[in-house]
Number of protein chains: 2
Amino acid sequence: MQEVNDIDAGETLTQRQRDVLDAVLRQMVEEGDRLTMTSVARRARCSKETLYRWFGDRDGVLTATVQWQASKVRAGTYDSQHLDVAALRESLESFAIAWLEVISSETSIALNRVAVAHAGSGKSNLGRIVLANGRFAIGERLKPVLEAGRKAGLLAFEDAEETFRTFFGLVGRDVQIRLLLGDDMKMTAATIRQEASWATSQFLSLHGAKPPATEPRIRAL
Amino acid sequence: MQEVNDIDAGETLTQRQRDVLDAVLRQMVEEGDRLTMTSVARRARCSKETLYRWFGDRDGVLTATVQWQASKVRAGTYDSQHLDVAALRESLESFAIAWLEVISSETSIALNRVAVAHAGSGKSNLGRIVLANGRFAIGERLKPVLEAGRKAGLLAFEDAEETFRTFFGLVGRDVQIRLLLGDDMKMTAATIRQEASWATSQFLSLHGAKPPATEPRIRAL
DNA sequence: ACCGAACCGTAACGTACGGTACGATTGGTG
DNA sequence: CACCAATCGTACCGTACGTTACGGTTCGGT
């Protein structure tokens, strides 16, 4: 059981340990919840004794894996300088693309399934870790963009948190819950780009300070 | 193992069987995934032999429970006659309220957790059953409302499915994933009403055929 | 009253899996 | 080479749980 259940923590690992955690991720993706300590050890070609020495117990393995994956997802920050409407739109849209790519990736789906199941079992840091590194992390990274847009007179809103939640909803819609429940919707790169573009247009239509001008009210299919 | 994994199927149960499934639901809510056949039998005050005779195996119990819960959630249909903008807004908003109430209920959260976990374990009808009775069922019930609104000249959109997905996203935002991952956000009746109202305003702002007139572009907090 | 079916409560079985122990192997260091 | 620490592979243990079996009980039909 790791003592850290917050962000970061994933840098004090040896290369070998990271390889093991990558093996855990592959096992999660391929075998779902048939994730036993024995299967992990076999997949990672290490002994169970090593797993227990490094991570304490099964929960420690899961926790370390979630944090390891989270540390890999840190996307680049978006500059909030010299914003014009095109740059703002670009920032929002690339944000939406990145998020859709994450939640539709096999790894994220497998990880979230484990975390959701774990959250149902009483004491569950896993769910909170996933939330902290997923939903809340992107919120904290996007809110400065929103506030910069407001300061530049491009966006109009009162509460950045609520406004981010709206953007979150417009981008994600039903994608994550459908994927978690096993719907095999195909989120191709083209689909993701298309939906991110729509979501951004809709968001700007709702919160753009100026009338959206050329934004179509009826989405073109 | 039940042979029906579609909608309906929950009417051919005896009262005693429904009581047993209600006990399973309570067990799910209170004990999470600590749902063993023994605990179910004890809670339902029936024998395990009866559970196996009625439902086949553990999966059969879970499947029957999901279908039983689904059969209880059938909400009233919304009339699509004589729509004016107030009636349309009322329909959308009550839809949003009903959906937020469902996804924030303890029962739904527990059920969705089980279904998500199950979807990770290869063969999983559970996830599809939950999707069919949740996300897709409300989609099929709301789309006629949307199309009636368009026919009445109150809404403008091209694809009812995509438009429903937008409404779905505006209503649900980050609520379901946060609750599934164990975030104890408090969705009070007042909060639900407030968020449903916002979502409806935003949706009408995006897809209302006439300019939204009195709808505020900046959401009032 | 009698019978059989359904059901209850509980014991028992087999297996899967988390966790531990231990000998064998590897690799680095003097 | 000798030595030591870390790790591997595997066998083992204890337990939890799905599933089955069975004796006792309830209850509707005749």
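Below, chains carry the letters A, B, ... as their sequence lines are ordered, and counting in each starts from 1. Model, not experiment: these values are computed from the prediction.
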Any side-chain heavy atom of [X] within less than 4.5 Å of one from [Y]?
X        : Y       : result
B/Arg16  : B/Arg18 : no
B/Arg58  : B/Thr36 : no
A/Ser108 : A/Gln69 : no

Taking atom [atom2] of [N] as reference, at what distance in whole Å does atom [atom1] of [X] sit?
X       : N      : atom1 : atom2 : answer
B/Asp57 : D/dT20 : CG    : P     : 9 Å
A/Met37 : D/dA16 : CE    : P     : 18 Å
B/Asp59 : D/dT19 : CG    : P     : 8 Å
A/Leu35 : C/dG18 : CG    : C1'   : 12 Å
B/Leu51 : C/dC7  : CG    : C1'   : 11 Å
B/Arg34 : D/dG18 : CZ    : C1'   : 18 Å
B/Tyr52 : C/dA6  : OH    : C1'   : 19 Å
B/Asp33 : C/dC17 : CG    : P     : 15 Å

For the side chain of [X], counting heavy atoms from C-beta on, which of [options] is nearest?
X       : options               : answer
B/Glu49 : D/dA11, D/dG9, D/dG23 : D/dG23
B/Ser47 : D/dT19, D/dC8, C/dG9  : C/dG9
A/Arg58 : D/dC8, D/dT19, C/dG19 : C/dG19
A/Trp54 : D/dT7, C/dG18, D/dT19 : D/dT7

Do the rings of A/Trp99 and A/Phe168 sit parallel, tilted or perpendicular, given the 30° and 60° boundaries? tilted

Relative to the 5' end of DNA chain D, which residue comes earlier, A/Arg45 or B/Thr38, by the nucleotide with the nearest heavy atom? A/Arg45

Would one find a side-chain N or O of B/Thr50 under 4.0 angstrom from OP1 or OP2 of C/dC8? yes

What contact category does B/Arg16 fall into here, base, sugar-phosphate, or nothing, at under 4.0 angstrom with non-hydrogen atoms? sugar-phosphate

Which part of the nucleic acid, if any, lies within contact of A/Arg53, taking any heavy atom under 4.0 Å across all strands shown: a base, the sugar-phosphate backbone alone, or nothing? base

If we count only N and O atoms by modelled type, under 3.5 Å, do the side chains of B/Ser201 and B/Arg89 hold a donor and an acceptor together? yes

Do the side chain of B/Lys48 and the base of D/dT19 come within less than 3.5 angstrom through a donor-acceptor pair of N or O atoms? yes

